Amino acid sequence: MTDHVDAATEAFVAHRNLLFTVAYELLGSAADAEDVLQETWLRWADVDPGTVREKRAYLVRIVTRQALDRLRTLGRRKESYVGPWLPEPLLTTPDVAEDIELAESVSMAMLLVLETLQPAERAVFVLREVFDLDYDEIAQAVGKSPNAVRQLAYRARTHVAARRPRGTATPAETRAVLQAFQRAVETGELQSLLDVLAPDVVALSDGGGLRHALLRPVTGIQNVARLLAAGWWRRDAERSVQPVQVNGSPGLLVRVNGEIDGVIVVHVENGHVTGVYHVRNPHKLSRLEQETTVTRTSSASRSGASIAAKPPYGSPNRSSHR
């Protein structure tokens, strides 16, 4: 039994960051992605790794099915959500920005586009376009035929292509525009805001009904500029702003009296801000204290032997399964 647990743990740890990234891109929530990984571990621990030829594909299949079940539950939960819903932000490692496709796929703007897909379409799009799985693998993961998966992939690509942000700014370009945006917001100068915002800019903020935030999106340069100039960024408290890497892109971590109050991310196109995303829901801020690794590849753990002595989510006993 110990050898079985050790082998299962070693394989799971080798693919864990990949599995987390798959779950996060499907759910837009790190907390739910971690729950899905725990469910995946419990199912994987019941399998003899020696009988599985392609462990990566097998684990991706488990995590996808668990994420799809969770995604349908989240859909019902979001129907009663107070105000706009934004993905849970991640403090990411600098190397994420170097993988342009990965950085775009975990960006706030793209995750919001993925929210408009049906669950099966989202899973097929993410597995095909981001992780480059073949149609047969995806078919097994989502429980559909390869032909049905191809149709879903086509619909999803068409849907995303019509809604995805146009143009991708480099991290340096985004950082420069973000700095100009920060100066304009802090001074409240209307002309400075008009200079940095795009005509069709959209501002969204997520307080989850727990903190002050916009109850609906604000659109258009004049409306967003007036909102920002009027003090949407409150200046009546001990506030500090720290540049950080959020979801593969430059962002601003806001602290009030030393405590994390929220994070601001902007989407930049052609040198102007087209999207402003402000997350203040305290339940979504736990991943901003330390970096989270997101990746499209697996890596074997050099410390697998020592890690294997302790399963990543506790005992694989099925009684612990929720």
Side-chain angles (χ1 to χ4, degrees), residues 17-30 33 60 64 67 71 85-117 119 121-133 138 152-178 181 198 200-204 206 243-252 263-279 284 287-288 291-298:
N17 291 336
L18 167 70
L19 299 176
F20 173 85
T21 307
V22 171
Y24 176 72
E25 293 206 19
L26 290 179
L27 300 169
S29 165
V60 168
T64 299
L71 193 58
W85 182 93
L86 288 174
E88 183 178 350
L90 304 177
L91 196 66
T92 49
T93 54
D95 61 300
V96 174
E98 298 172 5
D99 185 336
I100 296 175
E101 291 184 1
L102 177 62
E104 183 192 18
S105 71
V106 297
S107 69
M108 285 281 182
M110 179 55 76
L111 289 174
L112 284 172
V113 172
L114 295 181
E115 280 292 310
T116 64
L117 295 173
E121 291 176 340
R122 182 168 182 167
V124 169
F125 181 87
V126 167
L127 295 177
R128 180 63 180 173
E129 301 299 318
V130 181
F131 297 96
D132 198 30
L133 269 64
I138 299 172
L152 286 170
Y154 174 78
R155 289 207 304 267
R157 281 195 301 268
T158 301
H159 184 98
V160 171
R163 292 163 177 80
R164 78 189 311 159
R166 306 298 178 184
T168 302
T170 66
E173 291 169 338
T174 299
R175 194 173 298 109
V177 174
L178 181 61
F181 171 84
D200 56 351
V201 62
V202 177
L204 298 169
D206 179 348
V244 290
Q245 195 82 1
V246 181
N247 287 57
S249 179
L252 298 172
V263 66
I264 296 173
V265 179
V266 299
H267 183 72
V268 175
E269 297 177 26
N270 300 318
H272 291 84
V273 174
T274 60
V276 181
Y277 312 112
H278 186 195
V279 181
K284 296 184 178 183
R287 287 281 177 155
L288 298 173
E291 292 177 341
T292 296
T293 300
V294 293
T295 181
R296 295 193 293 167
T297 60
S298 300

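In this text the structure is predicted, and so the values were computed from the model without any measurement.
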Would Thr21 and Val130 count as a side chain to side chain contact (heavy atoms under 4.5 Å, CB included) here? Give the steps.
CA-CA 10 Å; Thr21 307; Val130 181; over 6 Å; no
Kindly give the heavy-atom pair with the smallest separation between Leu19 and Val60, and that separation in Å.
CD2-N, 3.8 Å
If I take atom OG1 from residue Thr293 and atom CZ from residue Phe20, how far apart are they, to the nearest 0.5 angstrom?
9.5 Å
Supply the atom-to-atom distance Thr297 OG1 to Asp99 CG, rounded to the nearest 0.5 angstrom.
8.5 Å
Test side chain to side chain contact (heavy atoms under 4.5 Å, CB included) on Glu173 and Val268 and set out the steps.
CA-CA 8 Å; Glu173 291 169 338; Val268 175; 5.5 Å; no
Are side-chain heavy atoms of Leu204 and Leu86 found at a separation under 4.5 Å?
yes
Any idea which heavy atoms bring Leu26 and Ala123 closest together, and the distance?
CD2-CA, 3.4 Å
Side-chain heavy-atom pair Glu104, Ile100 within 4.5 angstrom cut-off
no
Here the pair of heavy atoms bringing Val266 nearest to Ser249 is O-OG, 4.5 Å
Considering only heavy atoms from C-beta outward, does the side chain of Val113 approach that of Phe125 to under 4.5 Å?
no
About how many Å separate CD of Gln245 and CG of Asp95, when rounded to the nearest 0.5 Å?
9.5 Å
Of all heavy-atom pairs between Gly275 and Val201, which one has the smallest distance, and what is that distance?
N-CG2, 4.2 Å
If every non-hydrogen atom of Leu114 is compared with every non-hydrogen atom of Glu25, which pair is closest and at what distance?
CD1-O, 3.9 Å
How many angstroms lie between atom OG1 of Thr116 and atom CZ of Arg163, to the nearest 0.5 angstrom?
5.5 Å
Would you say the side chain of Leu112 lies within less than 4.5 Å of the side chain of Tyr277, judging by non-hydrogen atoms?
yes
Between Val106 and Leu90, is there a side-chain heavy-atom distance shorter than 4.5 Å?
no
Can you tell if the side chain of Thr93 reaches within under 4.5 Å of the side chain of Val96, non-hydrogen atoms only?
yes
For the residue pair His159 / Arg155, report whether a side-chain donor-acceptor contact shorter than 3.5 Å exists.
no
Is Asn270 atom CG crowded by more than 12 heavy atoms from other residues, nucleotides or ligands, each under 6.0 Å away?
no
Student check: side-chain heavy atoms of Arg287 and Glu88 closer than 4.5 Å
yes
Heavy-atom nearest pair, Ala156 first then Leu117, reads CA-CD2, 4.1 Å
From CD (Glu121) to OG1 (Thr158), nearest 0.5 Å:
10.0 Å
Quick one: does Leu18's side chain get under 4.5 Å of Phe131's, heavy atoms only?
yes
How far does NE2 of His267 sit from OG1 of Thr174, to the nearest 0.5 angstrom?
8.0 Å
